[in-house]
**Student:** 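Can you keep this structure in mind? I'll have questions shortly.
Note on naming: letters A, B, ... go to the chains in the order of the sequence lines (proteins, then strands), and numbering restarts at 1 for each one.
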There are 2 protein chains.
Amino acid sequence: MYTVCSVKPRSRMRPDEIAGLLRRAVRERLLVPGQPLNQDELAKRFGVSRIPLREALRTLAGEGLVVMRPGIGAVVTELDAEELNELYGLRLQLEPPLAEWIVARARAEDLEELEGILARISSLGEGNLEAWANLDYLFHRRVAELSGRRHSLRLVTQVLNLIEPYSRLYVHLVGPEHHLVSEHEEVIAAIRAGDARALEARMVRGLESARRRLVESASSMDEDVDLVSLLGGDEDAGTG
Amino acid sequence: MYTVCSVKPRSRMRPDEIAGLLRRAVRERLLVPGQPLNQDELAKRFGVSRIPLREALRTLAGEGLVVMRPGIGAVVTELDAEELNELYGLRLQLEPPLAEWIVARARAEDLEELEGILARISSLGEGNLEAWANLDYLFHRRVAELSGRRHSLRLVTQVLNLIEPYSRLYVHLVGPEHHLVSEHEEVIAAIRAGDARALEARMVRGLESARRRLVESASSMDEDVDLVSLLGGDEDAGTG
DNA sequence: CCGCGGCCGGATGTATACAGTGTGTTCCGT
DNA sequence: ACGGAACACACTGTATACATCCGGCCGCGG
């Protein structure tokens with residue numbers, strides 16, 4: 001029993017939009033890793049038949065966000081600590097090289113937008129873990145988008161989306177990392193200064209520390225910890 | 001009018017298999033970049049209805065191999081010289097770091113398989129451009145697979161598949177590069193020696209020279225050259 | 001002669017209906 | 001009471017049929 005999006009669409013939703021909402025649902029842990037996705041249920045929520053819904057799932061499968069097993073259906077991709085480590089390695093390979101493109105293309109309005117996101121992060125209270133995680137994701141994504149490198153961005157986004165459910169779980173476990181605000185400020189400063197080296201170095205350091213934190217955390221919770229309760233799961237988990 | 005696969009399947013083909021055949025068809029330029037894909041036609045060829053075929057197309061769309069435009073349909077992804085350059089940059093970021101994993105995991109049987117591929121390449125005559133390109137692709141893919149890094153491999157494969165139609169076009173234009181055989185021999189030697197540094201260096205050099213050759217070639221043929229005739233296209237292109 | 005608007009063929013996109021399959025349960029036998 | 005097999009349900013997977021939309025052709029008017 002999960003809630004993805006009960007909004008009634010004005011016109012019939014297209015598979016691309018459904019895929020977008022599903023991506024967000026996976027990132028935000030409305031659909032958790034390992035969870036089987038009931039096609040009838042999801043199709044009803046989106047107000048379409050199973051055909052366009054299945055096409056959206058296939059798109060996500062192509063991006064690696066879900067796996068479709070014949071006769072079983074789609075399941076949200078599960079990652080272990082080793083895979084998370086690998087994915088952070090990919091971010092380290094993919095994102096820092098974008099620095100020179102980012103500083104070359106960033107405009108004043110782009111910087112303003114980033115500062116706006118950062119301001120919204122700073123103004124959040126302690127309780128808004130969801131909003132905090134959403135804005136942090138948005139910040140990183142926007143920075144990468146500034147590079148204007150289409151294919152790099154495609155891959156980076158795929159990796160970000162795969163990591164995000166676990167990153168968000170980590171945030172829920174230990175709370176938001178307030179020192180990241182200063183990291184983000186340094187990123188903006190480097191872009192404004194046009195200093196690709198500084199930006200690259202800042203991205204590397206941020207990614208390495210994030211990798212260390214998240215992978216250690218993931219290793220310690222060795223797969224069979226009941227994480228659902230920590231997220232305020234309201235299942236009737238009674239044993240009958 | 002194109003020929004992908006007329007083989008009659010023993011049992012009904014599943015979308016994953018269809019996607020695999022479509023990937024190969026794109027790589028081998030049986031479906032060329034920019035080409036609109038007629039769903040009825042393809043579905044008939046694979047012996048299925050349009051539903052599973054469309055799902056296969058969505059998977060490829062998730063991987064970036066095709067783009068689906070609403071109301072228009074699927075079109076094989078087209079790349080310009082700048083994008084090819086970017087994609088080779090991605091290979092340079094993604095593949096060389098796999099070297100240490102490759103030398104750590106490669107077994108004797110893996111080396112034998114690579115040598116077998118190389119032997120088949122060496123034994124090819126001048127005319128077998130298709131076979132040559134297939135084996136070269138296979139060699140690079142197998143090397144990457146040896147790393148055993150699932151997610152890196154996913155991304156590398158996506159990039160390889162995107163590049164391959166253009167790489168193959170280049171091969172058709174200038175013929176196979178026989179010096180690549182010695183490159184491949186060096187790769188095998190580095191793996192056998194367990195020398196990750198040498199393997200990494202060899203990969204970097206090979207990728208950089210391939211990038212230079214292909215991007216220059218792609219830049220010179222500025223989009224509107226009639227490339228079809230060079231590939232032995234047998235269209236009735238008469239204006240009558 | 002050229003430009004434009006409405007029709008028409010064809011292809012895409014989707015809902016419905018049905019076939020196939022995996023899963024959980026129940027009932028029987030031991 | 002326990003193990004196993006068969007049933008039943010539910011869900012996935014796909015074919016058919018229909019609505020929708022794009023593109024080209026023809027005919028009209030300037």
**Student:** Which whole-number value in Å describes the distance from L42(A) CG to dC11(D) P?
**Tutor:** 12 Å
**Student:** How many Å lie between CD on E41(B) and C1' on dG10(C), as a whole number?
**Tutor:** 14 Å
**Student:** Using atom CZ of R54(B) as one end and atom P of dT12(C) as the other, report the distance to the nearest whole Å.
**Tutor:**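 For the pair R54(B) CZ and dT12(C) P, the rounded distance is 8 Å.
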**Student:** Calculate the interatomic distance between R69(B) atom CZ and dC22(D) atom P; express it in whole Å.
**Tutor:**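 Rounded to the whole Å, the gap is 14 Å.
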**Student:** Answer yes or no: is there a donor N or O on one side and an acceptor on the other, between the side chain of R24(A) and the main chain of L30(A), under 3.5 Å?
**Tutor:** no
**Student:** Within a strict 4.5 Å, meaning less than it, do heavy atoms of the L57(B) and L37(B) side chains meet?
**Tutor:**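 In contact.
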**Student:** Quick check on DNA chain C: between G71(A) and R50(B), whose nearest nucleotide comes earlier from the 5' end?
**Tutor:**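 Going by which nucleotide is closer to the 5' end, it is R50(B).
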**Student:** To the nearest angstrom, how far is R12(A) atom CZ from dT14(C) atom P?
**Tutor:** 6 Å
**Student:** Report yes if a side-chain nitrogen or oxygen of Q39(A) is closer than 4.0 Å to either non-bridging phosphate oxygen (OP1 or OP2) of dA10(D); otherwise report no.
**Tutor:**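 Result: no.
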**Student:** Apply the test side chain to side chain contact (heavy atoms under 4.5 Å, CB included) to residues T77(A) and L162(A): give CA-CA distance (whole Å), side-chain angles for both, the deciding distance (0.1 Å), then the verdict.
**Tutor:** CA-CA 8 Å; T77(A) 300; L162(A) 279 169; 4.3 Å; yes
**Student:** Want to settle it: does P52(A) or A74(B) sit nearer the 5' end of DNA chain C, counting the closest nucleotide to each?
**Tutor:**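 It is A74(B), whose closest nucleotide lies nearer the 5' terminus.
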**Student:** Let me know the distance between CD of E55(B) and P of dT12(C), rounded to the nearest Å.
**Tutor:**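 Result: 16 Å.
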**Student:** Quickly work out the I72(B) CD1 to dT20(D) P distance and round it to whole Å.
**Tutor:** 18 Å
**Student:** What nucleotide, of dA15(D), dT12(C), dT14(C), holds the atom closest to the side chain of V48(B)?
**Tutor:**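 From the listed options, dA15(D) comes nearest.
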**Student:** In whole Å, what is the span from the CD1 atom of I51(A) to the P atom of dA19(D)?
**Tutor:**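 Distance check: I51(A) CD1 to dA19(D) P gives 17 Å.
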**Student:** Check ring-ring contact (aromatic ring centres under 6.0 Å, His included) between F139(B) and all other residues, then give those that pass, not counting sequence neighbours.
**Tutor:** H184(B)
